[in-house]
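Step one of this worksheet: look at the structure below.
If you read the sequence from its start, that first residue is 1, and numbering goes on from there.
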Amino acid sequence: MKKMLALVLTAAMGCTLLSGCSGGGSTGGGSTGGGAASAPTTAAPAAGGSSGESAPAETPAVDASMYEVTEPITIQWWHSLEAQYADVVDQVVSDFNSSQDLITVEAVYVGSYSQVNEALVAAHAAGTGLPAVTVANTPYVAEYGAGGLTEVLDPYIQATGFDIDDFGKGLVDASSYNGQQVSLPFLISTQVVFYNKTMADELGVTIPEKWDDMDSFLEKASAVNNGTTERYGTVIPGWDQWYFETFYLNNGVKLINDDQISTDLDNDAAVGIVNKFKEWCDKGYIYWANGTDASSIMRQNFIDKKAFSVMHTSSMYKLYTDKCDFEVGMAWLPGGATKNQEIGGCVLLIPSKNDQATKNAAWQFLAYLCSKDVNMTWVKGTGYMPTRNSVLHTEEGVKFLEEKPAFQCIFDNLDLINPRIQHPGWNQLATIWKNYMAEIMIEDVDIPGKIEDMVEEINEVLEDS
């Protein structure tokens with residue numbers, strides 16, 4: 001049975017599963033071009049910058065010696081892995097440094113994905129202070145690819161025989177731009193509902209499968225007395241639109257229209273979702289987590305049983321199970337006409353403005369981080385999912401489900417996890433959207449007026465992208 005499950009997971013992932021800051025190395029920030037690492041230009045992508053849709057031009061043979069590391073070098077890896085992952089980070093970096101004699105990697109925690117983005121864009125603009133390797137949240141791939149921030153990795157892949165196809169088409173598409181590989185899949189997750197299973201069994205409450213059943217669920221799961229909330233039914237992570245955007249997509253909202261220069265966040269379905277969120281906030285059924293330390297506050301509310309459930313990334317599974325003194329359940333988000341979800345987590349990329357010696361060292365470390373063995377190290381030490389198809393054939397891959405049976409809800413729906421929306425203006429759209437949503441949920445405002453202003457700003461961004 002377990003072997004059959006592993007084969008099913010492999011097929012699903014292969015067919016449909018997809019999304020101290022000093023210089024980049026001892027010679028980082030030198031050459032501003034891609035140098036010999038540039039790959040041939042391909043046809044323009046389909047409207048909206050969707051990755052992986054255009055057929056890449058045939059790649060000519062490369063000289064493998066151009067990508068070798070020949071002298072000792074120290075490089076930096078920027079990451080967003082919080083303190084709970086420090087032991088895994090230290091182990092992986094130490095193992096790599098010990099595995100060869102020329103490259104020394106220094107791991108640098110920069111902060112959240114948005115903080116990494118800010119630091120990376122600033123360093124790219126300055127042409128100095130770049131890391132050799134950095135993580136990036138999946139929605140940034142199109143923006144970075146369009147802006148020339150990322151090194152095209154196809155020549156490195158060819159020169160070293162890296163098995164890119166082991167990721168499956170979906171993950172390759174989510175880390176590509178304009179038919180070229182500009183990053184590699186690293187730590188992959190999706191959205192889930194973590195809930196207090198012990199309390200759910202006591203109250204006879206289940207996580208709804210449909211958006212339309214959220215009202216009755218929140219009435220049962222919440223505890224509100226005389227207008228004071230003692231227990232929220234759920235918490236929405238308002239600091240990142242990724243956690244609530246699938247409610248829109250599954251209820252027929254496109255977010256970016258077919259013309260690629262406008263949004264439909266002002267249509268009836270979208271407005272109806274905003275009004276529902278606001279109604280639940282006003283009733284004290286849900287808490288819209290936003291602002292400083294929003295993530296840690298949300299987590300603590302759940303741990304302290306002040307929230308029946310929270311919507312979060314599946315990568316937080318280990319943290320919740322380690323911290324909670326009750327059984328933690330994990331469920332798929334309530335859907336609408338569809339119940340699709342999106343790839344989360346991050347990719348790894350090499351900044352294009354580093355010199356070639358730094359890029360070569362960066363590639364060796366990047367390929368190591370994405371290797372099959374190291375992938376299982378991350379899987380066992382975190383809540384991230386296996387990303388390599390071959391991993392699922394291993395004994396460790398089969399054992400993964402035995403040790404973390406709560407992940408069954410994800411594996412049951414692997415074919416419904418899709419790449420993120422890829423558009424050069426997506427990051428700006430997302431920032432505008434989540435800021436307006438926070439204002440609407442937390443303050444007493446004119447909702448129609450705010451939606452009108454929001455859509456106007458977003459359309460301007462899309463038109464300029």
Would a distance-only check, ignoring hydrogens and angles, find a side-chain to backbone donor-acceptor pair under 3.5 Å from [X] to [Y]?
X: Ser309; Y: Val193; answer: no
X: Lys359; Y: Ser352; answer: yes
X: Trp332; Y: Lys339; answer: yes
X: Arg420; Y: Gly344; answer: no
X: Asn290; Y: Pro237; answer: no
X: Asn178; Y: Ala146; answer: no
X: Gln181; Y: Leu153; answer: no
X: Gln191; Y: Gln341; answer: no
X: Asn267; Y: Ala269; answer: yes
X: Ser112; Y: Gln115; answer: yes

Taking all heavy atoms of [X] and all of [Y], pick out the closest pair and write down the distance.
X: Ile410; Y: Ser314; value: CD1-CB, 3.6 Å
X: Ile73; Y: Ala361; value: CG2-CB, 3.7 Å
X: Pro351; Y: Leu120; value: CG-CD1, 4.2 Å
X: Phe302; Y: Ala307; value: CD1-O, 3.4 Å
X: Ser315; Y: Tyr85; value: O-OH, 3.0 Å
X: Ala294; Y: Ala289; value: CB-C, 3.9 Å

Do the side chains of [Y] and [X] get nearer than 4.5 Å, heavy atoms only?
X: Leu349; Y: Tyr140; result: no
X: Glu143; Y: Trp426; result: no
X: Val374; Y: Val92; result: yes
X: Tyr285; Y: Thr229; result: no
X: Asn340; Y: Leu249; result: no
X: Trp288; Y: Met437; result: yes
X: Tyr248; Y: Leu265; result: yes
X: Phe365; Y: Val93; result: yes

### Task
Could you walk me through whether Leu149 and Lys353 pass side chain to side chain contact (heavy atoms under 4.5 Å, CB included), step by step?
CA-CA 7 Å; Leu149 186 150; Lys353 287 187 176 181; over 6 Å; no

Parallel, tilted or perpendicular, as decided by the 30° and 60° cut-offs, for the rings of [Y] and [X]:
X: Trp77; Y: His79; result: tilted
X: Phe186; Y: Trp378; result: perpendicular
X: Tyr287; Y: Tyr232; result: tilted

### Task
Assess the side chains of Tyr384 and Asn375: does a donor N or O sit below 3.5 Å from an acceptor N or O?
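Tyr384 vs Asn375: no donor-acceptor pair found between side chains.
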
### His312 vs Tyr320, side-chain hydrogen bond (donor to acceptor under 3.5 Å, both in side chains): CA-CA, chis, key distance, verdict
CA-CA 11 Å; His312 216 172; Tyr320 284 124; 2.8 Å; yes

### Task
Test ring-ring contact (aromatic ring centres under 6.0 Å, His included) on Phe277 and Trp211 and set out the steps.
CA-CA 11 Å; Phe277 277 138; Trp211 169 262; 5.4 Å; yes

### Query
Given the rule in the side chain to side chain contact (heavy atoms under 4.5 Å, CB included) test, do Ile75 and Ile103 qualify, once you have shown the distances and angles that lead to the verdict?
CA-CA 7 Å; Ile75 62 174; Ile103 307 169; 4.0 Å; yes

In Å, rounded to the nearest 0.5 Å, how long is the span from [atom1] of [X] to [atom2] of [Y]?
X: Thr431; Y: Gln241; atom1: OG1; atom2: CD; answer: 7.5 Å
X: Ile432; Y: Ile458; atom1: CD1; atom2: CD1; answer: 5.5 Å
X: His423; Y: Leu255; atom1: NE2; atom2: CG; answer: 12.0 Å
X: Ile350; Y: Thr150; atom1: CD1; atom2: OG1; answer: 10.0 Å
X: Met316; Y: Leu319; atom1: CE; atom2: CG; answer: 6.0 Å
X: Leu184; Y: Cys346; atom1: CG; atom2: SG; answer: 11.5 Å

#### Entry: Residue pairs involving residues 264-280 (criterion salt bridge (Lys or Arg N to Asp or Glu O under 4.0 Å); sequence neighbours excluded)
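Qualifying pairs, neighbours excluded: Asp215-Lys276, Lys276-Glu279, Lys278-Asp282, Glu279-Lys283.
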
### Task
Any salt bridge (Lys or Arg N to Asp or Glu O under 4.0 Å) involving residues 439-450? Give me the pairs, sequence neighbours left out, ordered by first then second residue.
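Passing the test, one end in residues 439-450: Glu439-Lys450.
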
### Task
Verify side-chain hydrogen bond (donor to acceptor under 3.5 Å, both in side chains) between Ser262 and Asn459, making sure each step is shown before the conclusion.
CA-CA 5 Å; Ser262 65; Asn459 287 344; 4.8 Å; no

### Audit row: Thr313, Tyr243, side chain to side chain contact (heavy atoms under 4.5 Å, CB included) steps and yes/no
CA-CA 8 Å; Thr313 166; Tyr243 291 109; 3.5 Å; yes

### Task
Count the heavy atoms of every other residue, nucleotide or ligand shown that sit under 6.0 Å from CD of Glu452, and state whether that count exceeds 12.
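Atom CD in Glu452 is not crowded, with 12 or fewer foreign heavy atoms closer than 6.0 Å.
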
### Message
Please determine whether side chain to side chain contact (heavy atoms under 4.5 Å, CB included) holds for the pair Glu342 and Trp242, giving the CA-CA distance in whole Å, both sets of side-chain angles, and the decisive distance to 0.1 Å.
### Response
CA-CA 8 Å; Glu342 297 173 306; Trp242 182 62; 3.5 Å; yes

### side-chain contact (heavy atoms from CB on, under 4.5 Å) partner of Met311, the single match among Phe194, Phe244, Phe247, Tyr195
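The residue from Phe194, Phe244, Phe247, Tyr195 that satisfies side-chain contact (heavy atoms from CB on, under 4.5 Å) with Met311 turns out to be Phe247.
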
#### Entry: Derivation of the side-chain hydrogen bond (donor to acceptor under 3.5 Å, both in side chains) call for Asn360 and Gln356
CA-CA 6 Å; Asn360 291 349; Gln356 196 59 46; 2.9 Å; yes

### Query
Of Phe162, Trp363, Tyr156, which is the lone residue that meets ring-ring contact (aromatic ring centres under 6.0 Å, His included) with Tyr67?
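Looking at Phe162, Trp363, Tyr156, the match for Tyr67 under the ring-ring contact (aromatic ring centres under 6.0 Å, His included) is Tyr156.
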
